**Q** 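Sharing a structure with you now.
Not measured: the values here are computed from a predicted model.
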Amino acid sequence: MRIRTIVPRRQGGRTLIAVMAGVWPALVAAQADTAPTPLDTITVTDSADFFRYRSESVSPRLIYDAAYFSRFEPLSVGDMLKQVPGVAFTSDVGEYDAPQLRGIGTQYTQILINGERVAGAGDDRSVFVDRIPAELVERIEIIRAPTGDLDAQGIGGTINIVLKNAGEFSGGQYRSGLYRSGDDTLRGSGYLGYGGQSGRFSYMGALNYQGRYNAKDKRETLYDADGNLIAFAQEDDVRDSRDLAGNLRLSWLLTTGGTFSVDGYSVGTRRDEDQFSPNFEVEDGVAELDAIEFEHEDIEENSHGLALSFMQPFGEARFNIVLDYNRFDVDIDNVAGEVEDDVEIALETETIDTDDTEMRLSPSFELPLGLNDRLLVGLDLGRKARDAATRTAEFDEDSGEFEDETEINGVYEIREQRFDAFAQYTWTLNARHAIDAGLRLETTELEQEGFDSDGQRHEADDSQTELNPNLHYRWLFTANDQIRASVARTVRRPDFSALVPFLEEDDGEFFVGNPELEPETAIGYDLGYEHRFADQAGIVGVNLFYRDVSDLIEVVEIEDDVESPSNTGDGEVYGIEFDASFPLVMLGLPGVNVYGNYSYQKSEITDPFTGQERRFQLQPVYVFNLGFTHKLPQRITWGASFQKQGRALEYESDEIADVRYDGNLEAFVEYQISENLWVKLNGTNLLDAHKDETFRVFDDDLPDGQLEEFEVETESVGRIAILTLRGRF
């Protein structure tokens with residue numbers, strides 16, 4: 001019996017539409033023409049307001065201050081992102097690690113920290129954001145379409161995580177928390193940050209510790225094609241993580257008028273995973289223990305980043321240069337076994353060691369043209385090195401020892417060199433109309449090298465050149481209303497493991513890398529409308545998007561039992577995104593603020609096995625959020641939030657997985673003890689949401705195969721509570 005992992009579920013959204021229909025006329029009637037205010041950088045949550053900011057950029061982007069999220073006490077960036085428009089997760093229940101913008105795979109979403117690319121764990125260039133503490137974050141930016149100064153990697157979009165900055169707050173902040181999991185296990189967390197300024201020097205430092213504990217109950221039932229129960233398993237899966245993180249920012253205002261800054265961050269994670277699963281076979285309605293499977297995994301992950309930046313004005317012009325270095329490494333030790341008839345009959349160890357390092361040098365020059373126009377030109381010079389080694393050993397009962405059985409494709413090295421040049425021209429026609437046009441030339445040199453189980457060396461080289469233009473238009477037709485239109489070309493580069501040019505075996509089936517893979521490219525269109533209410537007190541926006549994707553990368557069968565990634569054709573992704581956040585004071589409800597967002601997303605590609613039209617893998621039909629806060633005169637604030645995402649499907653050559661999530665209800669109550677001290681109780685997963693997967697397995701490749709069996713998996717983690725004491729000094 002196979003044991004797996006899963007994803008999403010049903011529909012919602014009518015509630016939000018009804019609320020908007022009722023309050024929209026009153027809010028619009030009460031607005032006043034006020035000029036935009038500068039972006040604030042609120043980091044302490046003594047206000048009940050939580051509205052996203054209206055970005056004044058010409059290109060489409062959403063900006064969410066940390067205060068927007070803090071009411072619901074997120075532990076990590078993953079917890080923050082589940083509340084913003086169009087972000088889906090297909091992780092295990094209760095975990096939010098790899099975000100998917102527009103619902104398509106994590107490999108289509110680019111993650112930046114302070115505007116810079118970061119090394120990550122995934123071969124698909126994904127970054128696991130559940131390790132980044134929410135306390136270190138100043139704001140999150142959702143960049144729907146890139147400008148020339150940004151890497152064109154994100155077909156789905158880009159998430160920029162901006163860490164707290166020197167000079168943006170003065171004094172200290174602290175937080176202590178107690179986390180109770182669904183099985184009553186307790187874990188602690190703590191944060192301490194301090195910032196200030198002395199003359200021309202400003203500084204900020206923060207340290208954060210958090211314990212994350214996820215105890216899952218999973219039941220798996222296996223049926224034959226006629227629906228008869230033939231096997232079942234009850235699995236306990238415990239994931240216990242400890243994260244220690246910090247960031248530091250130092251900045252000097254030079255006598256020449258320029259600035260020099262040093263930014264650094266570090267995140268270290270220690271994680272233990274334990275699984276225990278008794279498996280039963282059923283015959284003639286009688287269940288009998290077949291085997292007991294167990295697994296223990298020790299994971300050690302470390303991320304580090306350091307950036308040196310220098311800015312010097314020359315009159316109205318400005319020169320910038322950034323030297324950025326970041327590194328990610330993970331070491332995994334896994335022991336798995338199976339016991340039958342009280343005798344241990346199988347035991348296997350696996351070690352995984354992955355190092356990913358990236359260094360970039362980015363000089364740029366900004367030149368004003370006329371009164372309001374500007375031209376930005378620059379270079380991005382980068383080098384990425386990724387080393388991976390996977391080794392296994394199996395216990396031999398005869399010899400009583402572990403024997404090395406290093407997997408084919410277990411060791412590889414990839415070197416990637418980038419030389420990018422860009423130009424971005426911002427043309428302000430008048431006070432209401434502006435155009436931003438850019439061009440980015442991205443060249444990539446790749447060197448792949450690997451060793452098979454016999455120690456034979458394999459290598460391949462490749463080079464790619466992509467020209468990625470973008471064009472953005474913004475029309476401010478009133479002081480509080482704007483329309484944006486964008487078109488941009490973006491790319492998705494192949495997974496590193498997909499480029500390794502030799503065979504990998506898994507249960508008698510083979511996978512061979514393809515070093516000649518071309519990157520996927522997309523022409524993307526966005527059209528959005530945004531309305532801001534008086535005094536920045538709330539905002540509502542709607543955005544239509546379409547992505548025309550070329551050179552899709554899909555796994556195809558090149559011969560019997562041998563599969564390989566290939567560029568298979570074209571596809572499209574499209575949908576609509578709606579978000580709003582505003583107070584209800586105009587309805588006679590002072591102190592009440594509401595927010596909501598709804599994203600409807602679809603896609604179409606041709607399945608390489610069946611030749612039939614289907615969606616992108618694991619793209620939920622919709623993502624939905626609705627929440628409110630209510631500030632009472634008695635220094636009490638309370639609120640609730642509900643998140644839900646729709647059903648998603650995953651296809652293999654002879655299998656279809658149907659993944660659904662129940663909705664997640666969160667609530668909090670906060671009491672302000674004094675001017676600088678708050679205590680809060682949060683509850684999440686209050687409805688005890690489940691994750692349900694159904695796997696339909698066929699006796700041959702689709703579409704010719706007939707249903708052979710199907711497996712149903714249900715996963716839950718229970719209700720979670722967080723008690724927090726927060727203050728400032």
**Q** Any carboxylate oxygen within less than 4.0 angstrom of a Lys/Arg side-chain nitrogen, looking at Lys384 and Glu358?
**A**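 Looking at Lys384 and Glu358, the cut-off is met.
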**Q** Between Asn597 and Glu577, does a side chain to side chain donor-acceptor pair (under 3.5 Å) hold up when you go through it step by step?
**A** CA-CA 7 Å; Asn597 54 72; Glu577 300 160 319; over 6 Å; no
**Q** What residues form a side chain to side chain contact (heavy atoms under 4.5 Å, CB included) with Ile435, not counting sequence neighbours?
**A**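 Here the qualifying residues are Trp427, Leu429, Leu471, Tyr473.
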**Q** Between Gln619 and Ser603, is a side chain to side chain donor-acceptor pair (under 3.5 Å) present by the stated rule, with each step listed?
**A** CA-CA 8 Å; Gln619 183 191 37; Ser603 58; 2.6 Å; yes
**Q** Who pairs with Phe496 by ring pair (Phe, Tyr, Trp, His ring centres under 6.0 Å), at least two apart in sequence or on another chain?
**A**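 Result, ring pair (Phe, Tyr, Trp, His ring centres under 6.0 Å) vs Phe496: none returned.
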**Q** Report the residues that fulfil side chain to side chain contact (heavy atoms under 4.5 Å, CB included) with Glu613, sequence neighbours left out, ordered by chain and then residue number.
**A**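 Residues passing side chain to side chain contact (heavy atoms under 4.5 Å, CB included) with Glu613: Glu604, Thr606.
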**Q** Any carboxylate oxygen within less than 4.0 angstrom of a Lys/Arg side-chain nitrogen, looking at Arg386 and Asp123?
**A**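 Looking at Arg386 and Asp123, the cut-off is met.
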**Q** Just one of Phe582, Phe628, Tyr68 clears the ring-ring contact (aromatic ring centres under 6.0 Å, His included) bar with Tyr595, so which one?
**A**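 One option only clears the test, and that one is Tyr68.
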**Q** Short question: side chain of Arg532, backbone of Ala479 - any donor-acceptor pair under 3.5 Å?
**A**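 Yes, Arg532 side chain to Ala479 backbone: donor-acceptor pair under 3.5 Å.
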**Q** A cation-pi test, strictly: NZ or CZ of Arg144 under 6.0 Å from the centre of the six-membered ring of Phe545 and no more than 45 degrees from its axis. Yes or no?
**A**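 No, cation not above the ring by the 6.0 Å, 45° rule.
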**Q** Could you go through the side chain to side chain contact (heavy atoms under 4.5 Å, CB included) check for Tyr529 and Phe477 one step at a time?
**A** CA-CA 11 Å; Tyr529 163 74; Phe477 59 93; 3.5 Å; yes
**Q** Between Thr443 and Phe419 (side chain of the first, backbone of the second, donor and acceptor by atom type, cut-off under 3.5 Å), is there such a pair?
**A**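 Checked: pair present.
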**Q** Donor-acceptor pair, distance only, cut-off 3.5 Å: does the side chain of Gln645 make one with the backbone of Phe89?
**A**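 Flag set: sc Gln645 to bb Phe89 pair under 3.5 Å.
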**Q** Would you check if Leu702 and Ile656 make a side-chain contact, meaning some heavy-atom pair closer than 4.5 Å?
**A**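 The answer is yes, as the side chains (C-beta and beyond) meet within the 4.5 Å cut-off.
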**Q** For the residue pair Phe533 and His531, does the interplanar ring angle fall in the parallel (under 30°), tilted (30 to 60°) or perpendicular (over 60°) class?
**A**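 Plane angle over 60°, so perpendicular.
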**Q** Mind checking what makes ring pair (Phe, Tyr, Trp, His ring centres under 6.0 Å) contact with Phe616, not counting sequence neighbours?
**A**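 Counting only residues at least two positions away or on another chain, Phe616 forms a ring pair (Phe, Tyr, Trp, His ring centres under 6.0 Å) with Tyr108.
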**Q** A side-chain contact here means heavy atoms from C-beta on lying under 4.5 Å apart; do Val84 and Leu62 qualify?
**A**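 With C-beta onward as the side chain, the pair stays apart.
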**Q** Does one side chain, of Ser91 or Asp97, offer a donor that lies under 3.5 Å from an acceptor on the other?
**A**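 Checked: Ser91/Asp97 side chains pair up, N/O donor to acceptor below 3.5 Å.
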**Q** For Arg440, enumerate each residue passing the salt bridge (charged side-chain N to carboxylate O under 4.0 Å, His left out) test, keeping only those at least two apart in sequence or located in another chain.
**A**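 Arg440 satisfies salt bridge (charged side-chain N to carboxylate O under 4.0 Å, His left out) with Asp380, Asp420, Glu442 once adjacent residues are dropped.
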**Q** Regarding Asp462 and Arg493, does a basic nitrogen lie under 4.0 Å from an acidic carboxylate oxygen?
**A**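 Salt bridge flag = no for Arg493 with Asp462.
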**Q** Answer whether the closest heavy-atom distance between the side chains of Ile155 and Arg102 falls below 4.5 Å.
**A**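 No. Closest side-chain heavy atoms not under 4.5 Å.
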**Q** Does the side chain of Asn664 reach to within under 4.5 Å of the side chain of Tyr96, using non-hydrogen atoms?
**A**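 Yes, close enough: below the 4.5 Å cut-off.
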**Q** Taking the side chain as every heavy atom from C-beta outward, state whether Phe624 and Phe642 have any atom pair closer than 4.5 Å.
**A**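 Sidechains of Phe642 and Phe624: in contact.
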**Q** Tell me whether Asn114 contacts the main-chain N or O of Leu163 through its side chain, where contact means a donor paired with an acceptor under 3.5 Å.
**A**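 Yes, the answer is positive, given that a donor and an acceptor are paired below the 3.5 Å cut-off.
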**Q** Is there a side chain to side chain donor-acceptor pair (under 3.5 Å) between Ser641 and Gln643 once you walk through the steps?
**A** CA-CA 7 Å; Ser641 172; Gln643 305 105 34; 2.9 Å; yes
**Q** Flag the pair Tyr622 / Lys644 as yes when at least one side-chain heavy-atom distance between them is below 4.5 Å, and no otherwise.
**A**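 They are in contact (side-chain heavy atoms under 4.5 Å apart), so the answer is yes.
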**Q** Under 4.5 Å between any side-chain heavy atoms of Arg418 and Arg360, yes or no?
**A**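 Arg418 does not reach Arg360 side chain to side chain.
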**Q** Residues two or more places apart in sequence or in another chain: which of them pass side chain to side chain contact (heavy atoms under 4.5 Å, CB included) with Tyr546?
**A**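 Counting only residues at least two positions away or on another chain, Tyr546 forms a side chain to side chain contact (heavy atoms under 4.5 Å, CB included) with Tyr525, Asp548, Glu572, Tyr574.
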**Q** So do Phe695 and Glu652 actually touch side chain to side chain, heavy atoms under 4.5 Å?
**A**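 A side-chain contact under 4.5 Å is absent here.
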**Q** Under the criterion side-chain contact (heavy atoms from CB on, under 4.5 Å), which of Thr568, Asp124, Asn567 is the partner of Ile553?
**A**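 Only one option passes, and that is Asn567.
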**Q** Can you list the steps and then say if Thr521 with Glu466 is a side chain to side chain donor-acceptor pair (under 3.5 Å)?
**A** CA-CA 9 Å; Thr521 61; Glu466 301 291 338; 5.5 Å; no
